[in-house]
Amino acid sequence: MSKASVTVLGLGRMGAAIAEVFLRNGHPTTVWNRTPDKAIHLDELGAQRADSVADAVAAGELIVTVLADTAAAGEQLAPLGAALNGRTVLNVATGRPDTARELADRLAEHGARFIDGGVFGVPQTVGTPETLLVYSGAAEAEAEFAEVIRELGATKYVGADAGLAALHDMAVLAGMYGLFGGFFQATAMVHTEQVSAVEFTDAFLAPWLRSLLDMLPTLAAEIDSREFPVNFSDLAVNATGLADIRATSRNQGVPTDLLDPLQRLFDAEVERGHATASFTRAFAGLIDALAPAGS
C-alpha cells in the first residue's frame, strides 16, 4: 500500500526532524526552506527539494508547515489560492488560537482543509512516545491523516475547532512561564545572601516542586467541582503566606512584581468571603471575570 505524499515547509531543527520521520517511514517527501541548502542530510534519505512553496504544495497530499509561527504559515500559503484546492495543511508551528481559526477560514475559501497542532517535545524525540502532538481542525482531514500524524509521536485530537490545539498549547506554556516566574523569584531571594542558584535548586526547590506536581490532579478536581473543598490548604492561609513571602522579598531588596498579581487574586477572594475555601478558589476569581455583569 502506497504511503501518503507529504510536504514539509520549513527545515529548522523541528522541521528537519519531522521530515526525517516521514522519510524513514517510507512517505514520498518534498521539502522546502527559504534557505535552499538547509538540512542536507535529508537528501540522502530521499527528500525531494522544491524550488518554491507552490511546487512544494503541488507535490504533497499533506502539507506540514513548520515555519516561525502560524502567521508565517499563512503568509506562505494564502497567496497560492486555487493551488491549495484538495490539500490538507497541518501546521505545527506555535501560534495563537485566533490566528489558527483565521488561517483555517482563509484556506477553506481555496478548498483546503486545515489542522493546527502543538508539539510538546524536542526534535530528538519526534517520532517517539516522548513527544505529544495535540491537534485540532477539520474532522474529515483528521480521520484521513490520523495515522500519518501519529507517526510523529503520541497524539491527542481535541476537536474540530481549529483554535483548540493552540489554546491548549498556550495554556500549557502559561503554566510553564508561571513556574519560571516562581523560579526567578526564589533564586533572586537567596541570591541576596550569596546562595548558589544551582545548590538551592538542587537541594531545595526542585525536590519540592516535583512533589507538588503529584498534587495537581487533586487540585484540578477541586476546580472542576467548583465547590473548592480543602485538600491541601485554605485561601486565607495562602494569602497570608504569600504576603509574608512578598515582605521577605522586599526586605531582601527583591521586587515582587512576579507575585503581586497572585496576591491581588487571593485577597479579592478572601474579601468575597471565601477565606476557608481551598486556595484553588482563586481560579474562580479569574473565571468569574468572564461572566456578563448581572449574570
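None of the values given here were measured: they were computed from a predicted structure.
In this structure, a donor-acceptor pair under 3.5 Å is present between the side chains of Gln252 and Thr192. For the residue pair Glu61 / Ser5, a side-chain donor-acceptor distance below 3.5 Å is found, with atom types taken as modelled. Thr276 and Asp234 form no side-chain donor-acceptor contact under 3.5 Å, judged by distance and modelled atom types alone.
Under the 3.5 Å distance criterion, the side-chain polar atoms of Thr35 are left unmatched by any main-chain donor or acceptor of Lys38. Checked by atom type and distance alone, the side chain of Lys3 pairs as donor or acceptor with a backbone atom of Asn25 at under 3.5 Å. Not one N or O on the side chain of Thr65 forms a donor-acceptor pair closer than 3.5 Å with the backbone of Leu67. Using a distance-only test at 3.5 Å, with no hydrogens or angles considered, a donor-acceptor pair links the side chain of Thr7 to the main chain of Ala56. At distances below 3.5 Å, at least one donor-acceptor pair connects side-chain atoms of Ser136 with backbone N or O atoms of Ala162. Not one N or O on the side chain of Thr240 forms a donor-acceptor pair closer than 3.5 Å with the backbone of Val237. Between the side chain of Thr131 and the main chain of Thr128, no donor-acceptor pair closer than 3.5 Å is present. Looking at Arg49, its side chain never comes within 3.5 Å of a backbone N or O of Asp43 through a donor-acceptor pair. Put simply, the side chain of Asn33 gets close to the backbone of Leu11: a donor and an acceptor are under 3.5 Å apart.
Arg96 CZ to Asp116 CG: the interatomic distance, rounded to the nearest 0.5 Å, is 12.5 Å. Distance check, rounded to the nearest 0.5 Å: CG of Leu90 to CG of Leu133 gives 6.5 Å. Rounded to the nearest 0.5 angstrom, Thr280 OG1 and Ile223 CD1 are separated by 5.5 Å. Taking CE of Met176 as the start and CZ of Phe120 as the end, the distance is 10.0 Å to the nearest 0.5 Å. To the nearest 0.5 Å, atoms CD1 (Ile149) and CD1 (Ile115) are separated by 4.0 Å. One distance of note links CG of Leu23 with CD of Gln48; it measures 9.5 Å at 0.5 Å rounding.
The list of salt bridge (charged side-chain N to carboxylate O under 4.0 Å, His left out) pairs with a residue in residues 71-91, not counting sequence neighbours, is empty.
When all heavy atoms of Ser249 and Thr256 are compared, the closest pair comes out as CB-CG2, 3.7 Å. When every heavy atom of Ala165 is checked against every heavy atom of Gly117, the shortest pair comes out as CB-CA, 4.3 Å. In this structure, Ala17 and Pro123 approach most closely via the heavy-atom pair CB-O, 3.6 Å. Across every non-hydrogen atom of Ala197 and Thr201, the tightest pair is O-OG1, 2.7 Å. Nearest heavy-atom pair across His110 and Gly81 is CB-O, 3.3 Å. When all heavy atoms of Leu164 and Gly159 are compared, the pair lying nearest together is CD1-CA, 4.4 Å.
Side-chain contact check for Asn231 versus Leu219: every heavy-atom pair is 4.5 Å or farther apart. With a 4.5 Å cut-off on side-chain heavy atoms, Leu152 and Val126 count as touching. Contact check for Gln76 versus Ile63: no side-chain heavy atoms found under the 4.5 Å cut-off. For the pair Phe283/Arg226, a side-chain contact is recorded, criterion being any heavy-atom separation below 4.5 Å from C-beta on. A 4.5 Å side-chain heavy-atom check between Phe183 and Leu179 finds every atom pair outside the cut-off. Side-chain contact check for Met170 versus Pro97: some heavy-atom pair is nearer than 4.5 Å. Annotation: side chain of Thr99 is not in contact with side chain of Leu103 (no heavy-atom distance under 4.5 Å). Annotation: side chain of Val148 is in contact with side chain of Phe22 (closest heavy-atom distance under 4.5 Å).
For Arg34, the CZ atom counts as loosely surrounded, since its 6.0 Å shell holds 12 or fewer non-hydrogen atoms of other residues, nucleotides or ligands. Within 6.0 Å of the CG atom in Asp51, the count of heavy atoms belonging to other residues, nucleotides or ligands does not exceed 12.
Residues Leu167 and Tyr157 are members of separate hydrophobic clusters, defined by side-chain heavy-atom contacts under 4.5 angstrom among Ile, Leu, Val, Met, Phe, Trp and Tyr. Ile18 and Val89 are assigned to two separate hydrophobic clusters, defined by single-linkage of ILVMFWY side chains at heavy-atom distances under 4.5 Å. Residues Phe145 and Val119 are members of one and the same hydrophobic cluster, defined by side-chain heavy-atom contacts under 4.5 angstrom among Ile, Leu, Val, Met, Phe, Trp and Tyr. Both Val21 and Tyr135 belong to a single network of hydrophobic side chains, linked directly or stepwise wherever heavy atoms of I, L, V, M, F, W or Y lie under 4.5 Å apart. Follow the hydrophobic side-chain contacts under 4.5 Å out from Trp208 and you never reach Val198; the two are in separate clusters.
Listed by chain and residue number, Arg281 satisfy the side chain to side chain donor-acceptor pair (under 3.5 Å) test with His274 (two or more places apart in sequence, or in another chain).
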- Query: Would Glu130 and Gln124 count as a side chain to side chain contact (heavy atoms under 4.5 Å, CB included) if you check the C-alpha gap in whole Å, the side-chain angles of each, and the deciding distance to 0.1 Å?
  - Reply: CA-CA 10 Å; Glu130 294 179 40; Gln124 294 88 335; over 6 Å; no
- Message: Please determine whether side chain to side chain contact (heavy atoms under 4.5 Å, CB included) holds for the pair Val254 and Gln185, giving the CA-CA distance in whole Å, both sets of side-chain angles, and the decisive distance to 0.1 Å.
- Response: CA-CA 8 Å; Val254 178; Gln185 187 76 33; 3.6 Å; yes
- Message: As a quick check of understanding, evaluate side chain to side chain contact (heavy atoms under 4.5 Å, CB included) for Leu42 and Thr29, giving each step before the final call.
- Response: CA-CA 10 Å; Leu42 297 176; Thr29 303; over 6 Å; no
- Task: I would like to know whether Met189 and Thr248 meet side chain to side chain contact (heavy atoms under 4.5 Å, CB included); could you show each step before the answer?
- Result: CA-CA 8 Å; Met189 291 170 70; Thr248 301; 3.9 Å; yes
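Looking at Glu269 and Arg272, a side-chain N of the basic residue comes within less than 4.0 Å of a carboxylate O on the acidic one, giving a salt bridge.
Taking the six-membered ring where tryptophan is involved, the planes of Phe266 and Phe279 are perpendicular, since the angle between them exceeds 60° and thus also 30°.
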